Structure formats: C-alpha cells, structure tokens
Amino acid sequence: MQEENQEHFKRELGLLDGTMLVVGSMIGSGIFIVSADIARQVGSAGWLTLIWLISGLITIIAAVSYGELSAMFPKAGGQYVYLKEAYNKLIAFLYGWSFFAVIQTGTIAAVGVAFSKFAAYLYEPLSDENILYEIGSFKLNAAQLVSIFTIILLTYINSRGVKNGKILQTVLTIIKILSLLGLIVFGLTLAAKASVWDANWADAWNTRSFNKETGSWLPIGGTALITGISAAMVGSLFSSDAWNGVTFIAGEIKNPKRNVGFSLFLGTFIVTIIYVLTNIMYLAVIPLEEIATAKSDRVAVVASQYIFGNIGTLIIAIMIMISTFACNNGLIMAGARVYYTMAKDGLFFKKAAVLNEASVPAWALWAQCIWASALCLTGKYGDLLDFVIIIVLIFYILTIYGIFILRKKMPDAERPYKAFGYPFLPLLYIITATAICVSLLITKFSTCGWGVLIMLTGIPVYYLTKPKE
C-alpha cells in the first residue's frame, strides 16, 4: 500500500489555487525595480508603458496557447512533457537540464536575493555589505545567508505536502495582489500630480537613452532603438515569467483539462493589468528622470515615499518581502515536479522519481534547494536574468511550435481546449520571441551566449547518461 501511495500525486488544487500559483510565481520583485532600467533604455513614458503592455500581451498569447497542450497532457511535468510528445526525449532533456541548471534554480536564487535586499532595509546587518567570511576572492555576506535560509525554509514547508504549500501560496498571493492594488489606488488618488503626468507625457514617444557616467540623455533611433527596446524587454519579460509553473503540477490539480488552461489565462491577464496600472501610477507620481535614476533601481520605493512619506520605504520593503517569498514558494513547489517526471523517464537521478509519505517528490525538492543555494553564493545574479531569459524564450518558442507539430502528428487526439487564435496568435508569438532572442544574442552575447552554451552542454550529458534502450 505504501508503495502504491508513493506512485500518485494527490489532486488537492482547485482553480483558485492554480490561478494564485500563476500570479504568485509571476509577481516577484521585478515590477518594483525593472521600470528604472526600461526608462534608462528608452527614455519616454509612451515606450515604458508600451514595453510592459507588449510583454504582457505576448505572455498572455503564450499562456492561452499552452492551454491546448495542458488539456491534452494533464500530467505532472508540464512543459517537459509537451516537448517530449512534440519532439523527442533529447529536446525534453535539454529543457529539463537547462531548467535545473539555470532556469528554475537561477530564478529561485535571484528572487531569494531580492528578498534579502529588502530585508536589509528593515534590519541593516542583513545587507550584502556585511561580509561574514572571506577566503581568496570569495566573500560570504549576510544577504546570501538570508536568501539561502528562505529557500531551505520553503523547501521544508513544501516537502511536508502540497496542502501546506498551497495554503501559503494562496494567502500570500492574495495579500500581494491587494497591496499592489492599494499602492496603485493610493498613488493615483493621493500623490498623482497633473504637472508630473503632463511633463512625462509631453514628449511621450521621443526615444532617448540615459548615460549613467555623464548623467545625460542621448537621443536614439534605428538600431540603437531596437537594441534599447530588446535590452529593456529582458526585465519586463523576466518579471512576467514563471507563469507556466502551474503546468508542472497538473498532476495535483482537480479537473486539470479545464483548470490548468483557465488558470494560465486568468493569472497572466491579472498580472498584465496590475503591471500596466503600476507603471501608469509611477508616471503619475514620479518625474521620468527620477524613475531612471532611482537609487538601486528601487522605483517603488521612490513612489512610496511620494505617497506615504518616510514610512513609505518600510511599506514597500515589507510588500516586496511578502511578494518574493510567495514567488519563491510557487517556484520551489512547481520546479520539483519537472525533475520527478524526468526521473520517471530515466533522464534524472532515480531518487527524484520517488514520492515521500506526503505524496510529494521530496528528494527532487532538496536537490533543487541545494543547487539554488549554491547559485546564491556565486553573487552573479545580475547576469542570471540574461542567462535565464534567453533559454526560457527558446523553449517557449519550441513548445508553442510544438502545437503545430502535434496537430499534424496527433490529428485525432482529444483537445478539450484549442489554442486561442490558432494559427495566427501562436505564430505571432513565435515571430516576436524569435526577434527578441536574435536581438539579445547580438546585443548581450557575453551573458546570453553563456545561457545558450549551458543549454547545449546538455547534449553530451544526454548521450552519456541515457539509459540503454
């Protein structure tokens, strides 16, 4: 009986839980920080808003396209399973390999570090400037320990069963949505100034880029503008990522054929609206110059000081800590299910395929925890965003193209839900995401190139470790 229990996930998650997992995994720290970099790259209110809107729309298109795949294959493992069915085990393995090496663990590390950054706001000794240990060029700081502690704590909570993770996720995400909406409403009613809004929108489409060294703006157009837009989109796409986490835990969702696709749409739609409104609030409260030059890019802190005065910084710090904590809970919960499914296929450590007495893949959770904690120690999380986003986009493109392949390969398969706007919207996503990838490889080769290299190193690993057929 024990053995039998170990083979099955418990379907304990409803539509609300699925939607909250999507929203909670998407909203991390990005919306509070990224607008500063976008403002520096494009230098205008119109483009700042448009970049967030485009990122949101292509994310929604991707999410509703995934709905078809999630209804066809309502199992744990999500995107990994779709790639295996559409292509082959090698492509699926490369995704799983990249997912473990960089995508999921790198994102967990980056979000953990964002948590510690704002924890230091409440208690200074927790900052990354508090060096605790030094050996050679390696320095261990307090912020790294805080981020590792949160990752271990959340892994422990999730190893005790999906119910604990679910309750934590839903409660924290609802608090997160309400606090962001509160910030938007207070910003637009208490602190919005017609003079600031008019000045920001007076030259709404005139593109400029900000030079940090000289502290001056330079007009840009042509190639420089395309470079600026693609660089700016790294942040907004990263802030809109991790929406596909709900597909990984399809094995634990009630009525997955309906609820996975529906929670993908609802979640991405809610987040896009919140992101665009937040940026409109920024533009109503803060002069564009101040958005671009916000200290440590903390735009939300500047907005909050305008809205609430000095206590504003504390309000934002607590909001971001709740936000990143919930985000990492969702990432940790969902990620382990991919390694579980890979191990079932003989493409990952055998132990990862075992469920514990609480019906969760505990070994996979702890393996993910150890590697994400190690990435926290590298201290190079700025580059992690570029690493992650290029690989994520490549696999999104392949997965959405997989819909076209599967329509030919399995024409008679049951499709309870069909990709919205097929073939036009999925094709639009493929073209847009490919253009962003090419532009990133040209403009940020030093970091994005490494991302692609990490992914490709999975090819020899696959052939060396593949079980003999």
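When reading the values below, keep in mind they use all heavy atoms of this one structure, side chains included, and skip hydrogens, waters and symmetry mates. Values in this document were obtained by computation on a predicted structure and should not be read as measured data.
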**Student:** Applying side-chain contact (heavy atoms from CB on, under 4.5 Å), run through Tyr275 and Ser239 and close with a yes or a no.
**Tutor:** CA-CA 9 Å; Tyr275 280 2; Ser239 307; 4.0 Å; yes
**Student:** Is there a donor-acceptor pair closer than 3.5 Å between any side-chain N or O of Ser179 and the backbone N or O of Lys176?
**Tutor:** yes
**Student:** Ignoring hydrogens and geometry, is there a side-chain-to-backbone donor-acceptor pair from Trp371 to Thr105 under 3.5 Å?
**Tutor:**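 No; zero donor-acceptor contacts below 3.5 Å.
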**Student:** Is the side chain of Ser359 donor-acceptor paired with the backbone N or O of Leu355 at a distance under 3.5 Å, no angle test?
**Tutor:**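 No; zero donor-acceptor contacts below 3.5 Å.
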**Student:** Assess the residue pair Phe93 and Phe348 against the criterion (ring pair (Phe, Tyr, Trp, His ring centres under 6.0 Å)); give the C-alpha distance rounded to whole Å, side-chain angles, the decisive distance to 0.1 Å, and a yes or no.
**Tutor:** CA-CA 9 Å; Phe93 173 79; Phe348 200 69; 8.6 Å; no
**Student:** When rounded to the nearest 0.5 angstrom, what distance separates CD1 in Ile390 from CG in Leu440?
**Tutor:**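 Output value for this atom pair is 5.0 Å.
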**Student:** For Ala86, is there any backbone N or O sitting under 3.5 Å from a side-chain donor or acceptor partner on Lys409?
**Tutor:**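 Yes, because the side chain of Lys409 sits within donor-acceptor range (under 3.5 Å) of the backbone of Ala86.
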**Student:** Going by distance alone, is a donor N or O of one side chain under 3.5 Å from an acceptor N or O of the other, for Thr247 and Gln79?
**Tutor:**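 Result is no, nothing qualifies.
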**Student:** Any donor and acceptor pair, going by atom type alone, linking the side chain of Thr268 with main-chain N or O of Leu264 inside 3.5 Å?
**Tutor:**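 Here the side-chain-to-backbone pair exists.
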**Student:** Does a salt bridge link Glu12 with Lys166, judged by any charged N lying under 4.0 Å from a carboxylate O?
**Tutor:**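 Salt bridge between Glu12 and Lys166, a charged N being under 4.0 Å from a carboxylate O: no.
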**Student:** Do Arg407 and Tyr422 meet the cation-pi criteria used here (NZ or CZ under 6.0 Å from the six-membered ring centre, within 45° of the axis)?
**Tutor:** yes
**Student:** Treating Thr324 as the side-chain partner and Met321 as the backbone partner, does any N or O pair qualify as donor plus acceptor under 3.5 Å?
**Tutor:** yes
**Student:** Checking the side chain of Lys139 only, and the main-chain atoms of Ile131 only, is there a donor and an acceptor separated by less than 3.5 Å?
**Tutor:** no
**Student:** Students often mix this up, so state it plainly: with edges at 30° and 60°, are the rings of Phe404 and Tyr401 parallel, tilted or perpendicular?
**Tutor:**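 Taking Tyr401 first and then Phe404, their aromatic rings lie parallel (interplane angle under 30°).
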**Student:** State, to 0.1 Å, how close Ser55 and Ser236 come at their nearest heavy-atom pair, and which atoms those are.
**Tutor:**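 Where Ser55 meets Ser236 most closely, the heavy atoms are OG-OG, 2.7 Å.
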**Student:** Less than 6.0 angstrom separating the ring centers of Phe9 and Tyr340, yes or no?
**Tutor:**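 Yes, the ring centres sit under 6.0 Å apart.
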**Student:** Within 45° of the axis and under 6.0 Å from the centre of the six-membered ring of Tyr80, does NZ or CZ of Arg337 qualify?
**Tutor:**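 Here Arg337 fails the 6.0 Å and 45° test against Tyr80.
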**Student:** Mind listing the closest non-hydrogen atom pair of Ile454 and Ala101 along with its distance?
**Tutor:**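 Taking every non-hydrogen atom into account, CG2-CB, 4.1 Å.
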**Student:** Salt-bridged, Lys84 to Asp345, with N to O below 4.0 Å?
**Tutor:** yes
**Student:** side-chain contact (heavy atoms from CB on, under 4.5 Å) for Trp363 and Val354? Distances and angles first, verdict last.
**Tutor:** CA-CA 7 Å; Trp363 193 92; Val354 179; 6.0 Å; no
**Student:** Looking at Cys369 and Ile152, what are the two nearest heavy atoms and their distance?
**Tutor:** SG-CG1, 3.8 Å
**Student:** Among all residues two or more places apart in sequence or in another chain, which pass the ring-ring contact (aromatic ring centres under 6.0 Å, His included) test with Phe99?
**Tutor:** Tyr95, Phe248, Tyr339
**Student:** State whether a side-chain donor-acceptor pair under 3.5 Å links Asn158 with Asn329.
**Tutor:** yes
**Student:** How far apart are the C-alpha atoms of Leu237 and Leu393, what are their side-chain angles, what is the distance that settles it, and do they pass the side-chain contact (heavy atoms from CB on, under 4.5 Å) test?
**Tutor:** CA-CA 9 Å; Leu237 283 169; Leu393 283 173; 4.2 Å; yes
**Student:** Against Leu154, only a single residue in Leu331, Leu168, Ile108 fulfils side-chain contact (heavy atoms from CB on, under 4.5 Å); can you say which?
**Tutor:** Leu168
**Student:** Decide whether Ser263 and Thr19 meet the rule of one side-chain donor and one side-chain acceptor closer than 3.5 Å.
**Tutor:** no
**Student:** Just to verify, what does Thr227 make a side-chain hydrogen bond (donor to acceptor under 3.5 Å, both in side chains) with, not counting sequence neighbours?
**Tutor:** none
**Student:** Please find out if less than 6.0 Å separates the ring center of Tyr396 from that of Trp243.
**Tutor:**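 Between Tyr396 and Trp243, the centre distance is under 6.0 Å.
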**Student:** Does any N or O in the side chain of Asn255 come within less than 3.5 Å of the main-chain N or O of Asn259, such that one atom is a donor and the other an acceptor?
**Tutor:**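 Looks like no, no N/O pair under 3.5 Å.
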**Student:** Looking only at side chains, do Thr170 and Asp17 share a donor and an acceptor under 3.5 Å apart?
**Tutor:**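 There is such a pair (donor and acceptor under 3.5 Å, judged by atom type) between the side chains of Thr170 and Asp17.
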**Student:** Any chance the side chains of Ser35 and Trp52 put a donor and an acceptor closer than 3.5 Å?
**Tutor:**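 Result is yes, a qualifying pair exists.
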**Student:** Any heavy-atom pair between the side chains of Cys437 and Ile397 that's under 4.5 Å?
**Tutor:** yes
**Student:** Walk me through it: do Ile31 and Val271 pass the test side-chain contact (heavy atoms from CB on, under 4.5 Å)?
**Tutor:** CA-CA 10 Å; Ile31 186 60; Val271 172; over 6 Å; no
